[in-house]
S.K.: 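Just dropping this structure here.
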Amino acid sequence: MAIVDWTYYTEVYMGSEVSETDFPAIEARAEDVIGAMTRWQVTEDTIADLPAFTRTLVKKAICAQCDSFAVNGLESLSASSGVGFTVGKVSINGKGSGELTRKGAMADNVAPLALMYLEQTGLLNPAVPVVGCCV
């Protein structure tokens, strides 16, 4: 079961970029990207534990990511490694490894609108909780 279903995408989010046939595959990849961005704090099993407003923003982020994949293609996940390439006499310079590290490997794959929604949730906090820590 997916976090976002076709009905939510079309009737609540009002998405129109993804066809009903393509939706399951695109939603699954979008959910993976949003999951990775939130350090897997949100899954199908844990989303119900979030406050209602946060759940809504996460679902909207997944929908925005679906739209981005529909427009740019799912191939964008593997194609934007940022390292550059040369074909014949044409050379495309990519990002340096320092820039990839600063932004994160997935940064170029996240739709700006999806990131806008996620920024309001607090789920992008890079702090890692420590179990059993004393005060």
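The figures that follow rest on heavy atoms only: side chains count, while hydrogens, waters and symmetry mates do not.
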S.K.: Does any non-hydrogen side-chain atom of Leu115 lie less than 4.5 Å from one of Leu124?
M.R.: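 Yes, side chains in contact.
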S.K.: Should Tyr9 and Val18 count as side-chain neighbours, where that means a heavy-atom distance under 4.5 Å?
M.R.: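 They are in side-chain contact.
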S.K.: Please determine whether residues Trp40 and Val42 belong to a single hydrophobic cluster, defined as Ile, Leu, Val, Met, Phe, Trp and Tyr linked transitively by side-chain heavy-atom distances below 4.5 Å.
M.R.: no
S.K.: What's the spacing between Cys63 SG and Glu27 CD if we round to 0.5 Å?
M.R.: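 Atom-to-atom, Cys63:SG and Glu27:CD are 8.0 Å apart.
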S.K.: Enter the distance from Thr10:OG1 to Phe23:CZ here, rounded to the nearest 0.5 Å.
M.R.: 8.0 Å
S.K.: Using only heavy-atom distances, determine whether the side chains of Asp49 and Thr46 contain a donor-acceptor pair under 3.5 Å.
M.R.: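 Not at all, the side chains of Asp49 and Thr46 share no donor-acceptor pair under 3.5 Å.
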S.K.: What distance separates Asn109 CG from Asp32 CG, expressed to the nearest 0.5 Å?
M.R.: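 The CG atom of Asn109 sits 12.0 Å away from the CG atom of Asp32.
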S.K.: Under the side-chain hydrogen bond (donor to acceptor under 3.5 Å, both in side chains) rule, what pairs show up with a residue in residues 50-63, not counting sequence neighbours?
M.R.: none
S.K.: Under a 4.5 Å cut-off applied to non-hydrogen side-chain atoms, are Tyr13 and Val4 in contact?
M.R.: no
S.K.: What distance separates Met37 CE from Thr121 OG1, expressed to the nearest 0.5 Å?
M.R.: 10.0 Å
S.K.: Between Glu31 and Glu44, is any pair of side-chain heavy atoms under 4.5 Å apart?
M.R.: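 With C-beta onward as the side chain, the pair touches.
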S.K.: What about Phe53 and Ile3, same hydrophobic cluster or not, with Ile/Leu/Val/Met/Phe/Trp/Tyr joined at side-chain heavy-atom distances under 4.5 Å?
M.R.: yes
S.K.: Please list, chain by chain and in numerical order, all residues satisfying side-chain contact (heavy atoms from CB on, under 4.5 Å) with Thr7, sequence neighbours excluded.
M.R.: Asp5, Glu11
S.K.: Test Val33 against Phe69 for side chain to side chain contact (heavy atoms under 4.5 Å, CB included), laying out the working first.
M.R.: CA-CA 11 Å; Val33 169; Phe69 283 153; 3.8 Å; yes
S.K.: Measuring only between side-chain heavy atoms, which start at C-beta, is Ile34 closer than 4.5 Å to Leu118?
M.R.: yes
